[in-house]
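Working notes, beginning with the structure itself.
Counting starts at 1 for both ligands and their atoms, in listed order.
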Amino acid sequence: MYKLVIKGGTTLNGIVKIAGSKNAALPILFASILADGPINLNNTPHLSDVSTTLRLLMDMGAEFILESDNSLSIDSSKLTKLTGEYDLVKTMRASILALGPMLAKYKEAKISLPGGCAIGTRPVNLHLKALEDLGAKIHVKNGYIYATTDQLIGTDIHFEQVSVTATENILMAATLAKGLTTIHNAAQEPEIIDLVNCLIKMGAKITGAGTSIISVEGVSSLSGARHSVCPDRIEAGTYLIAAAITGGKVTLKNVRYQSMQSVLDKLKETGAEIDYNDNTITLDMKGKRPKAVNVKTSVYPNFPTDMQAQFCALNCIADGQSAITETIFENRFMHIPELSRMGADLTLEGNTVICKGVKSLTGANLMATDLRASASLVLAGLAATGTTTIERVYHLDRGYETIEEKLKLLGAQIERIQD
Ligand code: UD1
């Protein structure tokens, strides 16, 4: 097991290259099941969730070739086993994204139900109900989802709640369904647009991605394609906060500011100066203490739940009192007790954290609990006086490519050490 050891108090300065988006790469890798040829994917991030996805697809008969550092070719066109095993699925809930493509291409699928999750119950009822609406027969037995169909038939799908992966699962299934599927109350995240762009290159007929109504006209087959994964807006936001929380100046390369507007607006409210152009974003805190900002998570284009914990860390040392309200996941506050151990003044009231900013945090031994909570602990450690150790770093490796290397390039004193 690895842990991170951070000596806090260094002002971060420099340039960091942002990786391809985890939440775009995963659905696109699962979309390879739909294709009759290989998908060549550039800008693929080096993350354990990507490795898990590749292992799951290989276990089902896919083959992949690493073409260069960030580019791979995956051929999932001839799966020999239509089962997503528990041991692979349990570590990554996004595995449910294999269900729609397998059902559409092979007319059957068996996938382990994703297990519990630290940030809430995270059921998959929306995925299953919408697949049933498309004509799938589904039952759950011994922890597995069994799905079969004679032929998926396009229809109107009305999601009672906005869900990112449910939207992705259904639109992937609909690409090979017969006739027109219209998804109402679809999620509008940029990662959905990226998935749809790749599906269109594969020959899918899809309109409306990025709006709440997506239409998919089914086709009889899809081909291989070449695609470049969009930048990771959550990784990008995390490094901007690393600059803001240490009073520094950081320039991000390989980013799209257009998909980060709500986060950039909040960072401006803290007093940060932000400049951007087509491919870069620079945040300059000019050595100032950030001002506290209220945050309320919601669906895109509003403030993302995946940035909530990081803003919580920022508010801990900010000037003033703030309220952070989480409306997407009911239990996404695992970072609160850990930040409190560093001297943060945080009070949880229902789904809102009241944060009274303190001048500085003190280093402590901390336990990473889930991906974004862990990122908030790293940020707090960078700002704190003294040494912070963070155990269970594998949570961070799911979504941050070589986080300690990138932070070191910005001047952070951070090491990964083995227990
Ligand atoms: C995706 C992202 C995750 C992000 C989340 C919200 C990926 C791989 N993961 O997760 O990083 O935090 O969107 O932006 O893209 N729900 C149900 N039933 C369902 C599905 C969801 O009740 O069948 C609920 C969830 O419990 C949650 C809400 O809907 O309260 C939104 O979750 P959802 O958008 O589905 O999150 P994910 O797609 O799992």
Q. In ligand 1, which numbered atoms sit nearer than 4.0 Å to a non-hydrogen atom of V124?
A. 19 (C), 23 (O)
Q: Would you indicate whether the side-chain heavy atoms of F30 and L57 approach each other to under 4.5 Å?
A: yes
Q. Are any of the N/O atoms in I328 less than 3.5 Å from those in ligand 1?
A. yes
Q | Heavy-atom nearest option to atom 26 (O) of ligand 1, drawn from P123, A166, G399 | A | P123
Q. Between F329 and ligand 1, does any nitrogen or oxygen pair lie at a separation below 3.5 Å?
A. no
Q | N or O contact, Q161 vs ligand 1, cut-off under 3.5 Å | A | yes
**Q.** Residue pair Q151 / L176: nearest heavy atoms and the distance that separates them
**A.** NE2-O, 3.6 Å
**Q.** Any side-chain donor near an acceptor of the partner, N365 and T389, under 3.5 Å
**A.** yes
Q: Check if Q308 has a non-hydrogen atom at a distance under 4.0 Å from any atom of ligand 1.
A: no
Q) Which ligand 1 atoms are under 4.0 Å away from a heavy-atom of H127? A) 23 (O)
Q) Is there a donor-acceptor contact under 3.5 Å linking the side chains of S21 and N23? A) no
**Q.** R256 and Y276: side chain donor to acceptor below 3.5 Å
**A.** no
Q) So, is D306 polar-close to ligand 1, with some N/O to N/O distance under 3.5 Å? A) yes
Q: Go through ligand 1 atom by atom and flag the ones less than 4.0 Å from a non-hydrogen atom of R332.
A: 12 (O)
Q) Strictly by modelled atom types, are T305 and T297 linked by a side-chain donor-acceptor pair under 3.5 Å? A) no
Q.
Quick check on R93 - does any of its heavy atoms sit under 4.0 Å from an atom of ligand 1?
A. no
Q: Have a look at N277 and tell me which of D275, T280, N279 forms a side-chain hydrogen bond (donor to acceptor under 3.5 Å, both in side chains) with it.
A: T280
Q: Check ligand 1 against T305 and write out every atom of the ligand that is under 4.0 Å from a heavy-atom position of the residue.
A: 6 (C), 12 (O), 14 (O)
Q | Option among D232, D49, D194 that satisfies the salt bridge (charged side-chain N to carboxylate O under 4.0 Å, His left out) test with K22 | A | D49
